[in-house]
Number of protein chains: 2
Amino acid sequence: MSDATEIINRYWSACQARDWKKFSALLAPDLVYELPQTRERIIGRKAYVEFNATFPGDWEVEIVRMLGNHKHAASWNSFEVNGNEHVGVCFFELDENNRISHITDFWPEPYEPPAGREHLTERY
Amino acid sequence: MSDATEIINRYWSACQARDWKKFSALLAPDLVYELPQTRERIIGRKAYVEFNATFPGDWEVEIVRMLGNHKHAASWNSFEVNGNEHVGVCFFELDENNRISHITDFWPEPYEPPAGREHLTERY
């Protein structure tokens, strides 16, 4: 295996396919999943698969960009949820058996730009 | 050069040092900087250096994790701004001269977790 991006490609393919058996096989039993924005944590493969399998809404996921090395990867994803686009950014760690052991998940939502920089920026 | 992370390490070091000459030398003249959350865009090295050099507040930046390949990098950073911690996640592209030509910058801010998943999560 060249790097962790191969594993994470399979992770997102299984997720998009709702193939929770394949998805689960990529995870370490003691996986830790963290959402720093809400300070929520899920411990263990079983709870994490349930979290994903029961996630509400009609969602589709695509990888926008992915980078990795031997044991780590980052992926920037586009989620279409009930017709709206959301960005997700995940950082992954693999254990010594190349199973996903740690995921840190960010959901950067839209906000209004602060005043005072309009002379440098355009809006798109 | 092994990969883009070497350039991006120098980018954050120059930024933290407020060494805008070193910082500017890493950027392509036609650099494009985008903030998808506010849909703001800055075009050109000069405006982008000014944006950073005049950014308000007493801030310090540290790299939490960085991943890259030949022409792309992702970095997860911790910013301490006036005593508060903020997370920043940037995706970088280099041009054919290994200058930074495109930056996509995300600022995932805290939010309240949705109801219905308390049986799977703990708070930290």
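Since we're looking at a predicted model, the values are computed, not measured. Atoms considered below: every heavy atom in the structure, side chains included; atoms not considered: hydrogens, waters and symmetry mates. Below, chains carry the letters A, B, ... as their sequence lines are ordered, and counting in each starts from 1.
Note on B/E118, B/M66, B/K46, B/E93: by heavy-atom pairs under 4.5 Å with chain A, the leading option is B/E93. For the options B/H72, B/R123, B/H119, B/Q37, heavy-atom pairs under 4.5 Å to chain A are most numerous at B/Q37.
Residue contact with chain B, scored on non-hydrogen atoms closer than 4.5 Å, is absent for A/P56. Interface remark: B/R117 contributes side-chain atoms only to the contact with chain A (heavy atom separation under 4.5 Å). Of the two parts of B/F55, only the side chain, counted from C-beta on, holds a non-hydrogen atom closer than 4.5 Å to a non-hydrogen atom of chain A. Of the two parts of A/Y48, neither the backbone nor the side chain holds a non-hydrogen atom closer than 4.5 Å to a non-hydrogen atom of chain B.
Proximity of a side-chain donor or acceptor of B/R65 to a complementary backbone N or O of A/A73 within less than 3.5 Å is not detected.
One hydrophobic cluster, built from ILVMFWY side chains closer than 4.5 Å, holds both A/I100 and A/V61. Follow the hydrophobic side-chain contacts under 4.5 Å out from B/W12 and you never reach B/V64; the two are in separate clusters. Under the 4.5 Å side-chain heavy-atom criterion for ILVMFWY residues, no single connected hydrophobic cluster contains both B/I103 and B/I43. Taking hydrophobic clusters as Ile, Leu, Val, Met, Phe, Trp and Tyr residues chained together by side-chain heavy-atom distances below 4.5 Å, B/V32 does not share a cluster with B/I7. Using a 4.5 Å cut-off between side-chain heavy atoms of Ile, Leu, Val, Met, Phe, Trp and Tyr, with links allowed through other members, A/F92 and A/L67 fall into different hydrophobic clusters.
Using a 4.5 Å heavy-atom threshold, the side chains of B/V89 and A/F91 count as touching. In this structure the side chain of A/E122 never reaches within 4.5 angstrom of the side chain of B/E40, judged on heavy atoms.
More than 12 heavy atoms of other residues, nucleotides or ligands lie within 6.0 Å of CD in B/E60, so this atom counts as buried by the packing criterion.
When all heavy atoms of B/T121 and A/I42 are compared, the closest pair comes out as CG2-CG1, 3.6 Å. B/T38 approaches A/E112 most closely through the heavy-atom pair CG2-C, 4.1 Å.
To the nearest 0.5 Å, the span separating CG on B/L35 from OH on A/Y111 amounts to 5.5 Å.
Aromatic ring orientation, A/W76 versus B/F106: perpendicular (interplanar angle above 60°, classes split at 30° and 60°).
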